[in-house]
Amino acid sequence: MEFLSKLNLATRIVEPEILDSLPADDPAALANRRDLRLYNRLMGSYGWFGRTLQRVSQITHVTEYGPGDGSLAMRLLRNGIINTETTYVGVDLIGQPNGWPYRWHRQDIRTFVPDASSHLLVANLILHQFSEPELKQVGQRIQDSPLQYVITNEPSRKRHHLWQVSLSRLFGIHPVTYHDAQVSIRAGFRRDELASLLGLDESDWSINWSETFMGCNRLLCIRK
């Protein structure tokens, strides 16, 4: 019965992920970061962020929530979407990764206040970890900030993505990754649900959403 209940994805279920309880240098945590890079390639996440940022007229100040090992920013830098002169701020509970060329705040996203020059926020596979009250808290800080763009890529909460994760074991993903990926899908979003949970209202924001076959729920929110 428990297995069947977890296949019912009508509502979000937010559960702890194993990774959050592991030290950053734990072998399982290192394997998980490697697997996340694989998932991001399979899901086309990095390419989508690059194409979406190219639609922004001027990229002056980027804040990334939960950059982890910095893979997204490094891909954007290599592809010329941002450069070493771009103000880019990473906000994460873990320490700054080696070779990170930008600013880093080791801080909880829920308590982070974007500074006065903040222009654009990106978040990749991080916001699904938060409960509805926590997302409301994050969203209030966004609403009260000068941010003009909010661009997110999160798990899509659809049943067939659970089967896709099962198939991904053929790539040799770590058991911790397999567990956490299923947890992430059950905590994921549908349509423009995330914008609503953040409290980004259409009276203040132009909200564009999309979902992909490979498991992404994506938002591009532009302040009016």
Side-chain angles (χ1 to χ4, degrees), residues 6 9-17 19-20 32-33 35-53 62-73 75-76 90-93 108-110 112 120-143 147 149-165 168 177-200 205-222:
K6 287 187 174 183
L9 304 185
T11 57
R12 297 183 67 224
I13 301 174
V14 181
E15 300 173 297
E17 296 185 7
L19 179 64
D20 295 335
N32 180 269
R33 287 196 284 276
D35 294 339
L36 283 177
R37 289 193 292 271
L38 170 64
Y39 277 154
N40 275 298
R41 289 196 297 272
L42 292 173
M43 298 165 76
S45 304
Y46 300 142
W48 176 77
F49 274 107
R51 292 189 300 274
T52 303
L53 285 171
V62 181
T63 300
E64 182 179 356
Y65 282 174
D69 66 358
S71 294
L72 173 58
R75 180 65 65 91
L76 295 173
V91 185
D92 208 312
L93 288 174
D108 193 317
I109 292 168
R110 293 166 294 185
F112 180 76
L120 189 153
L121 172 68
V122 296
N124 184 37
L125 303 180
I126 184 66
L127 295 177
H128 65 277
Q129 298 182 21
F130 298 130
S131 66
E132 293 189 11
E134 290 170 329
L135 287 173
K136 183 177 181 180
Q137 181 181 359
V138 172
Q140 188 61 58
R141 295 187 185 279
I142 292 173
Q143 188 69 23
L147 286 165
Y149 296 87
V150 176
I151 304 172
T152 70
N153 179 70
E154 294 293 330
S156 175
R157 197 178 68 249
K158 292 183 179 179
R159 188 173 301 168
H160 78 264
H161 301 316
L162 293 172
W163 308 127
Q164 289 173 325
V165 165
S168 74
T177 306
Y178 178 57
H179 171 273
D180 285 359
Q182 296 177 90
V183 169
S184 297
I185 291 168
R186 292 193 291 268
F189 306 100
R190 295 298 315 277
R191 299 173 63 86
D192 59 351
E193 182 179 26
L194 175 56
S196 176
L197 292 174
L198 289 170
L200 304 185
W205 298 82
S206 172
I207 297 170
N208 306 277
W209 64 271
S210 63
E211 292 179 328
T212 74
F213 176 76
M214 292 303 292
C216 299
N217 176 275
R218 292 167 171 167
L219 277 181
L220 168 59
C221 301
I222 305 172

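Numbers here are sequence positions counted from 1.
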Do [X] and [Y] make a side-chain contact, defined as non-hydrogen atoms from C-beta onward lying under 4.5 Å apart?
| X | Y | value |
| --- | --- | --- |
| Glu64 | Leu72 | yes |
| Phe130 | Val14 | no |
| Leu197 | Arg12 | yes |
| Val122 | Thr152 | no |
| Leu162 | Leu9 | yes |
| Arg186 | Glu15 | yes |
| Ile185 | Gln164 | no |
| Leu125 | Asn153 | yes |

How long is the span from the [atom1] atom in [X] to the [atom2] atom in [Y], to the nearest 0.5 Å?
| X | Y | atom1 | atom2 | result |
| --- | --- | --- | --- | --- |
| Leu198 | Leu135 | CG | CG | 5.5 Å |
| Leu200 | Ile142 | CG | CD1 | 5.5 Å |
| Tyr65 | Leu127 | OH | CG | 8.5 Å |
| Thr52 | Leu120 | OG1 | CG | 10.0 Å |
| Tyr46 | Asn124 | OH | CG | 6.5 Å |
| Ser71 | Arg41 | OG | CZ | 9.0 Å |

Subject >> Any residue meeting ring pair (Phe, Tyr, Trp, His ring centres under 6.0 Å) with Phe112, in chain and number order, not counting sequence neighbours >> reply: His105
Subject >> Any residue meeting ring pair (Phe, Tyr, Trp, His ring centres under 6.0 Å) with His179, in chain and number order, not counting sequence neighbours >> reply: none
Quick one: side-chain contact (heavy atoms from CB on, under 4.5 Å) partners of [X], sequence neighbours excluded?
| X | answer |
| --- | --- |
| Asn32 | Leu19, Leu36, Val176, Thr177, Asp180 |
| Arg191 | Trp209 |
| Thr212 | Met214, Cys216, Arg218 |
| Ile222 | Tyr149, Ser206, Leu220 |

Looking at [X] and [Y], what are the two nearest heavy atoms and their distance?
| X | Y | result |
| --- | --- | --- |
| Met43 | Gly215 | CE-O, 3.7 Å |
| Asp92 | Gly68 | OD2-N, 2.8 Å |
| Trp205 | Gln143 | NE1-OE1, 2.9 Å |

Original post:
For Leu219 and Asn208, what are the C-alpha separation, side-chain angles and deciding distance, and is it a side-chain contact (heavy atoms from CB on, under 4.5 Å)?
Top reply: CA-CA 6 Å; Leu219 277 181; Asn208 306 277; over 6 Å; no
Subject >> Results of salt bridge (charged side-chain N to carboxylate O under 4.0 Å, His left out) for Asp35 - residues two or more places apart only >> reply: none
Partners passing side chain to side chain donor-acceptor pair (under 3.5 Å) against [X] (at least two apart in sequence or in another chain):
| X | value |
| --- | --- |
| Arg33 | none |
| Gln182 | none |
| Tyr178 | Ser166 |
| Ser184 | Glu17, His128 |

Subject >> Residues Glu154, Asn217; criterion side-chain hydrogen bond (donor to acceptor under 3.5 Å, both in side chains); working and verdict >> reply: CA-CA 5 Å; Glu154 294 293 330; Asn217 176 275; over 6 Å; no
**OP:** Please confirm whether the backbone N or O of Val165 pairs with a side-chain atom of Ser168, one donor and one acceptor, at under 3.5 Å?
**Re:** yes
**OP:** May I have the step-by-step check of side-chain contact (heavy atoms from CB on, under 4.5 Å) for Ile151 and Leu121, ending in yes or no?
**Re:** CA-CA 6 Å; Ile151 304 172; Leu121 172 68; over 6 Å; no
Original post:
With sequence neighbours left out, which residue pairs that include part of residues 124-140 fulfil the salt bridge (Lys or Arg N to Asp or Glu O under 4.0 Å) condition?
Top reply: Arg110-Glu134
